[in-house]
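This one's a predicted model, so the numbers in the text were calculated from it and none came from an experiment.
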Amino acid sequence: MNSDSDRNMILPSRKLTQLDAACVIVGTIIGSGIFASAGTVAGLLPSSTWLIAVWLAGGALSMIGSLCFAELTTAHNQPGGDYYYLTRAFGPQTGLAFAWAAFWIIRPGNIGAMAMVFAEYAVILLGMDDGIANKLVLALAAVALLSLGNMLGVRTGKSTQNILTAIKVLGLAAIFVAAFWASWHGWENAVSADATVPQQPLAVSTLFLSLVLVMFAYGGWNDISFVAAEVRNPRRNLPRALVTGTLTVTLCYVGFNVALLLVLGLNQLAASGEQAPSLMMGAAAPRWGSQMLSWLVCFSCLGAINGMIFTSPRIYYAVGQRYPQMAWLSSWGGRHDGPWAGMLCQALISLLLILICGLRADGFIQILAVTAPYFWIFLALTFVAMIVLRQRGDGDPEAYRVPLYPMPPLLMICVSLAIAYSSVRYVVLMRYDMAALMIGFLMVVGIVMAVAIKPKSKD
């Protein structure tokens, strides 16, 4: 059952179709991660078979997580996504702490980092000097223009997302076709290349590290929860969109790694690291391959940025609905439909973070590293919330139910906590002490705020 405060919440209109929802999932997940991590993951594994298996495993885990969110989004179809589930299960303090982390730390950090990757490739395509000033201008412009487009309304935001998603999926398909055409017997070459590598036993720690990197590349399917209240016929469309979107990403990622193996083989793929995609395209299509890859990375980054800009303000909108002190965040509509107040604040914070962190070569690497544990811990809590809400009998009784319950949410809790632990170890290893202290201080302030500020009524 929903509380009185839930029933009195002003709900946005349902303007998103199943295709729109699937494009949010695909467009948000596929960013720069697959291009940067493919070679690194290959270097951790002893054979092509293991490489493909790990990417398939990442897709399978993402599918399990997506099915859990299919239950959450249909049983509790309210604005705010994870914020709402955490609030319902654990109280307003936990929900507001999550929203604070998303507002100040996680979402701006991811938007800014993706914008800087876009700028790295855009300066080359535009023939500009590879200087920090040009990169900052391009990164700032990307976030500002996409934010402005989303502030024009839901129709503009979702259309932009659909177009960018279609471009990146078609681009990845074109890469696979080009690789297959250039290496008609490439799969045999990849297998023979494996035979030249001394076959060492695969250590559990190495397998775990490779899976962590893969899961980072798959991150973002849970963003659909933030816009779930705007999806038409949610009981039908949300589960279908989550399954379709996750399957599409899995096919794209596995196909991309097969293309790398076809052209480079495992040895060269592992040795190339982050340069592997460029080497592959240069070999598969010498005249236009590298430029095509640069365009694809740019469009992939823009799609991920737009997806986060489109979904994140729904969290702040839900917070504004429940807290009088932040009611201005719930401003929605006017001439153009959408949570424009939250989008404006998010844009300003993201732009400020780009200006601060973009001046350092490793600025966003540090931000992403120290914010990752918070993301995965809150995601683990969301899966715990699913179990709590199911046990209470809370929510729509006719909603989708994940098969084999409670194993799927329990598995995802373990996966999320394991990745959070790995993220903390990485921060300690890299000695990102100052960034960790800064983000930690912000989080402590958020927890204090969550305890001190009271919502309109208890949920």
Side-chain angles (χ1 to χ4, degrees), residues 1-12 65 68-69 71-108 222-230 308 311-332 339 341-342 345-346 349 371 373-392 394-396 409 412-413 416-417 420 439 442-459:
M1 297 294 291
N2 291 338
S3 67
D4 291 338
S5 63
D6 297 332
R7 290 194 292 269
N8 293 333
M9 178 179 285
I10 301 172
L11 299 177
C68 290
F69 268 73
E71 174 169 330
L72 283 167
T73 55
T74 54
H76 309 277
N77 194 246
Q78 295 287 329
D82 297 45
Y83 162 75
Y84 179 82
Y85 315 141
L86 292 170
T87 298
R88 293 292 300 171
F90 306 119
Q93 294 84 4
T94 304
L96 188 56
F98 164 80
W100 177 275
F103 186 80
W104 289 105
I105 301 170
I106 299 172
R107 309 304 282 189
N222 58 306
D223 281 19
I224 190 61
S225 68
F226 305 140
V227 295
E230 300 165 63
M308 289 183 281
T311 58
S312 303
R314 273 69 178 172
I315 307 171
Y316 322 138
Y317 162 81
V319 172
Q321 287 283 311
R322 284 187 169 84
Y323 288 86
Q325 303 91 334
M326 291 171 278
W328 54 277
L329 283 172
S330 64
S331 298
W332 187 296
C345 291
Q346 179 181 250
I349 295 171
T371 58
Y374 297 100
F375 170 81
W376 290 103
I377 288 171
F378 276 117
L379 187 59
L381 279 175
T382 301
F383 289 115
V384 175
M386 175 188 168
I387 296 175
V388 170
L389 295 172
R390 170 80 85 95
Q391 293 303 113
R392 288 180 186 169
D394 198 345
D396 184 352
M412 295 310 298
I413 290 168
S416 300
L417 290 177
I439 298 300
L442 265 178
M443 197 64 239
V444 170
V445 172
I447 293 172
V448 172
M449 293 275 289
V451 173
I453 299 177
K454 303 300 180 184
K456 293 178 181 177
S457 62
K458 292 185 176 180
D459 288 318

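A heavy-atom distance below 4.5 Å is found between the side chains of Asn222 and Phe375. Here the side chains of Tyr323 and Ile453 are in contact, with some heavy-atom distance below 4.5 Å. In this structure the side chain of Met449 reaches within 4.5 angstrom of the side chain of Trp100, judged on heavy atoms. Between Asp394 and His76 there is a side-chain heavy-atom pair separated by less than 4.5 Å. Between Met443 and Thr371, every side-chain heavy-atom pair lies at or beyond the 4.5 Å cut-off. Looking only at side-chain heavy atoms (C-beta outward), Arg107 and Thr311 come within less than 4.5 Å of each other. Between Ile439 and Tyr374 the shortest side-chain heavy-atom distance falls below 4.5 Å. Under the 4.5 Å side-chain criterion, counting only non-hydrogen atoms from C-beta, Ile315 is not in contact with Asp82.
Between Pro79 and Tyr84, the shortest heavy-atom contact is O-CB, 3.8 Å. Scanning both residues, Pro339 and Tyr317, for their nearest heavy atoms gives CB-CB, 4.3 Å. The two residues Lys454 and Gln93 come nearest to each other via the heavy atoms NZ-NE2, 4.4 Å. Residues Ala420 and Ile377 share a closest heavy-atom pair of CB-CG1, 3.9 Å. Scanning all heavy atoms of the two residues, the minimum distance from Gly80 to Ala318 falls at CA-CB, 3.7 Å. Minimum heavy-atom separation, Pro409 to Cys68: N-SG, 3.7 Å.
Aromatic ring centres of Phe69 and Phe383: separated by under 6.0 Å.
No donor-acceptor pair closer than 3.5 Å links the side chain of Trp104 to the backbone N or O of Ala99. Under a 3.5 Å cut-off, the side chain of Asn77 and the backbone N or O of Ala228 do form a donor-acceptor pair. With hydrogens and angles disregarded, a donor-acceptor distance shorter than 3.5 Å links the side chain of Lys456 to the backbone of Gln321.
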List the steps, then state whether side-chain contact (heavy atoms from CB on, under 4.5 Å) holds for Arg390 with Ile387.
-> CA-CA 5 Å; Arg390 170 80 85 95; Ile387 296 175; 5.8 Å; no
Dump the intermediate steps for side-chain contact (heavy atoms from CB on, under 4.5 Å) on Phe103 and Cys345, then the final yes or no.
-> CA-CA 9 Å; Phe103 186 80; Cys345 291; 3.8 Å; yes
Apply the test ring pair (Phe, Tyr, Trp, His ring centres under 6.0 Å) to residues Tyr83 and Phe98: give CA-CA distance (whole Å), side-chain angles for both, the deciding distance (0.1 Å), then the verdict.
-> CA-CA 6 Å; Tyr83 162 75; Phe98 164 80; 7.4 Å; no
Intermediate values then yes/no, side chain to side chain donor-acceptor pair (under 3.5 Å), Arg314 and Ser225 = CA-CA 10 Å; Arg314 273 69 178 172; Ser225 68; over 6 Å; no
Check the pair Tyr85, Met386 against side-chain contact (heavy atoms from CB on, under 4.5 Å), reporting the backbone distance first and the verdict last.
-> CA-CA 7 Å; Tyr85 315 141; Met386 175 188 168; over 6 Å; no
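Within the model, atoms CG of Leu86 and CZ of Arg88 stand 12.5 Å from one another, a figure rounded to the nearest 0.5 Å. Atom-to-atom distance recorded for Thr87:OG1 and Arg322:CZ is 6.0 Å, nearest 0.5 angstrom. Distance check: Ser312 OG to Asp223 CG gives 6.5 Å after rounding to the nearest 0.5 Å.
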